[in-house]
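So you know, we letter chains A, B, ... as the sequences are listed, proteins then strands, and number each from 1.
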Protein chains: 2
Amino acid sequence: MGSPSTAARVSAPRRHRAVPAAATRFDRRLAEILTHATEVFRKKGYEGASMRDLSRASGMSLAGLYYYFESKERLLFLIQKHTFTTIVQRLKARLEGVSDPETQIRIFILNHLEYFLANPASMKVLSHEAEALKNGFASEVAAIKREYYRICVGLLDDLKRARGLQFSTRIAVLSLFGMMNWIYTWHNSRVDADAEQLAGEMSDIFLRGVMTGAKGRR
Amino acid sequence: MGSPSTAARVSAPRRHRAVPAAATRFDRRLAEILTHATEVFRKKGYEGASMRDLSRASGMSLAGLYYYFESKERLLFLIQKHTFTTIVQRLKARLEGVSDPETQIRIFILNHLEYFLANPASMKVLSHEAEALKNGFASEVAAIKREYYRICVGLLDDLKRARGLQFSTRIAVLSLFGMMNWIYTWHNSRVDADAEQLAGEMSDIFLRGVMTGAKGRR
DNA sequence: ACTAAGTTCGAACGAACGTTCGAATCACTT
DNA sequence: AAGTGATTCGAACGTTCGTTCGAACTTAGT
């Protein structure tokens with residue numbers, strides 16, 4: 001975690017060392033806090049979690065937290081933005097060089113579920129607290145979400161074209177997101193399969209569902 | 001709305017007229033409050049909504065609300081229980097006399113989506129606030145959820161048997177629930193199709209997905 | 001018209017909320 | 001060892017929270 005570090009309070013700690021070795025002390029500590037906060041938000045929800053809960057979980061005083069971010073809302077924003085940015089970035093890397101639409105969609109699903117099961121708290125907070133942010137914070141996350149959505153629409157439209165299929169891309173994409181995101185309500189790592197197998201099963205259901213029957217008329 | 005009316009405060013108003021004409025004044029007023037509260041919970045979330053918000057929305061004083069229910073948590077419980085009970089009850093009525101597994105599953109999906117789109121606030125509160133209740137309240141709603149889940153598992157197992165299919169029932173059912181319940185995050189009545197058409201498209205994706213390929217080995 | 005139960009409300013309770021502030025402590029450089 | 005900026009914290013701020021209480025009002029049976 002830890003985006004390139006933005007000013008925290010009135011006097012921003014200067015970021016010396018522009019390139020090398022990655023994180024400053026400030027960024028590392030912020031990332032720790034974000035990790036603990038994510039776990040608390042997962043357990044109690046954004047509204048249900050108090051700053052005192054976050055203080056306890058991260059082992060830092062209530063006032064101390066405000067040295068790292070200026071409000072509870074901005075903290076949620078940092079979590080959501082980092083999570084969403086990372087998943088999109090990994091997806092792009094994985095899609096590079098792949099051209100078959102079906103394979104691309106399988107990669108999309110695998111990427112999503114792998115990240116989901118590797119970071120269940122972050123992904124629950126991203127999925128379940130989607131309406132908690134307001135105004136500027138909300139629209140910045142919404143922009144990433146729209147990009148992610150559009151990528152998936154693109155892949156499905158490619159598939160339709162390549163195979164001459166006919167179905168509503170919108171319904172298909174949103175159904176797929178539903179299948180994938182709902183996982184946070186039921187997945188149990190002691191019972192359920194790992195990401196690869198889960199992605200395989202969901203990909204099978206979805207792709208067969210969308211590719212069987214209903215060829216386009218022309 | 002309005003379950004058979006349980007005692008509200010210290011001295012329970014007596015329910016005269018055991019059978020006829022349905023609702024007492026108490027029950028009718030409670031149902032009105034529940035409707036307004038559902039809308040507020042939908043908009044602000046359970047934790048985010050204050051009793052003062054509910055008071056404003058229902059046009060009743062803050063103190064007045066407590067004549068009808070003893071806590072905010074019980075209010076959410078009443079909403080979730082009524083919603084879930086109703087949807088299960090309607091499903092059972094619709095499944096009666098139908099024996100073909102595929103048709104039954106299509107009915108299951110149609111019933112779910114029709115209720116979802118006809119009562120979007122109730123269904124969002126049911127889906128999104130599933131973890132908000134504690135202890136006794138939580139387990140009573142969980143029991144209904146389990147029954148609903150088991151019905152769907154039964155239908156899918158019937159389908160598997162009838163067609164000699166092979167897939168994980170658990171993953172299939174939970175994927176289906178994901179597709180259906182995720183709707184509250186995206187459905188826009190000015191853009192999207194009605195319940196019947198939506199149910200048709202989702203049923204097609206899901207049933208083809210689950211019925212195509214992968215016949216069992218024996 | 002009287003009564004008794006059903007219904008509503010203003011005002012207040014203590015607790016918990018997010019946030020702020022100035023002082024104390026820490027980690028470095030010199 | 002002194003000095004400087006980065007980091008941490010106890011204590012408090014004003015606000016809002018869920019809930020309670022007793023008094024008032026309304027409704028309906030007689």
Side-chain angles (χ1 to χ4, degrees), chain A residues 2 5-17 23-34 36-37 40-41 44-78 129 132-134 137, chain B residues 2 5-17 21 23-33 36-37 40-41 44-78 129 132-134 137:
Chain A
S5 87
T6 338
R9 281 164 63 80
V10 179
S11 70
R14 299 186 223 101
R15 295 290 80 78
H16 29 232
R17 284 195 279 158
T24 63
R25 192 167 117 86
F26 179 91
D27 288 325
R28 266 181 279 117
R29 195 83 178 89
L30 174 58
E32 280 178 31
I33 295 172
L34 255 49
H36 289 118
V40 175
F41 284 157
K44 317 188 88 171
Y46 171 71
E47 296 279 2
S50 71
M51 289 299 296
R52 284 157 184 86
D53 291 329
L54 304 179
S55 160
R56 209 172 304 118
S58 55
M60 174 172 284
S61 74
L62 187 53
L65 293 175
Y66 282 87
Y67 178 70
Y68 289 94
F69 46 88
E70 65 223 43
S71 68
K72 188 187 171 192
E73 192 184 6
R74 177 160 174 93
L75 175 57
L76 176 61
F77 167 75
L78 290 176
E129 309 296 347
L133 296 177
K134 299 188 291 196
F137 288 146
Chain B
S5 86
T6 336
R9 281 165 65 81
V10 179
S11 69
R14 299 188 221 102
R15 294 288 83 74
H16 29 233
R17 286 197 277 161
T24 62
R25 192 166 118 87
F26 180 91
D27 288 324
R28 265 180 278 116
R29 196 82 178 90
L30 174 58
E32 280 176 32
I33 295 172
H36 288 118
V40 176
F41 284 155
K44 317 189 88 172
Y46 171 71
E47 296 279 0
S50 71
M51 289 298 297
R52 283 157 185 85
D53 290 330
L54 304 179
S55 159
R56 210 173 303 116
S58 56
M60 174 172 283
S61 74
L62 186 53
L65 292 175
Y66 282 87
Y67 179 70
Y68 289 95
F69 46 87
E70 64 222 45
S71 69
K72 189 188 172 191
E73 193 185 7
R74 177 161 173 92
L75 175 57
L76 175 61
F77 168 74
L78 291 175
E129 309 295 348
L133 295 177
K134 300 187 290 194
F137 288 146

(message) Looking only at the side chain of B:Met51 (C-beta and beyond, no hydrogens), which of the listed nucleotides D:dT19, C:dT7, C:dG18 gets closest?
(response)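 When the side chain of B:Met51 is considered, D:dT19 is the closest of D:dT19, C:dT7, C:dG18.
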Close side-chain approach of [X] to [Y], heavy-atom, < 4.5 Å:
X       : Y       : value
B:Phe77 : B:Phe69 : no
B:Leu54 : B:Phe41 : yes
B:Arg29 : B:Met60 : yes

(request) Give a yes/no verdict on a cation-pi contact between A:Lys72 and A:Tyr46, requiring under 6.0 Å between NZ or CZ and the six-membered ring centre and an angle within 45° of the axis. (result) yes
Restricting to nitrogen or oxygen on both sides, can you table the protein-nucleotides 8-13 of chain D pairs closer than 3.5 Å?
residue, atom, partner, partner atom, Å
D:dT8, OP2, A:Tyr68, OH, 2.5
D:dC9, OP2, A:Ser61, N, 2.7
D:dC9, OP2, A:Ser61, OG, 3.3

[X] has an atom [atom1]; how far is it from atom [atom2] of [N], in whole Å?
X       : N      : atom1 : atom2 : result
A:Phe26 : D:dA6  : CZ    : P     : 11 Å
A:Arg28 : D:dA6  : CZ    : P     : 16 Å
B:Phe69 : D:dT20 : CZ    : C1'   : 14 Å
B:Ile33 : C:dT7  : CD1   : P     : 11 Å
B:Asp27 : C:dG6  : CG    : P     : 13 Å
A:Tyr66 : C:dG18 : OH    : P     : 7 Å
B:Leu54 : C:dT8  : CG    : P     : 16 Å
B:Glu47 : D:dT16 : CD    : P     : 18 Å

(request) Say whether, by atom type as modelled, one donor and one acceptor occur between the side chain of A:Glu73 and the main chain of A:Lys134 under 3.5 angstrom. (result) yes
(message) For B:Arg56, give me all partners under side chain to side chain donor-acceptor pair (under 3.5 Å), at least two apart in sequence or on another chain.
(response) B:Asp53
(request) Answer yes or no: does a side-chain N or O of B:Ser50 lie under 4.0 Å from OP1 or OP2 of D:dT16? (result) no
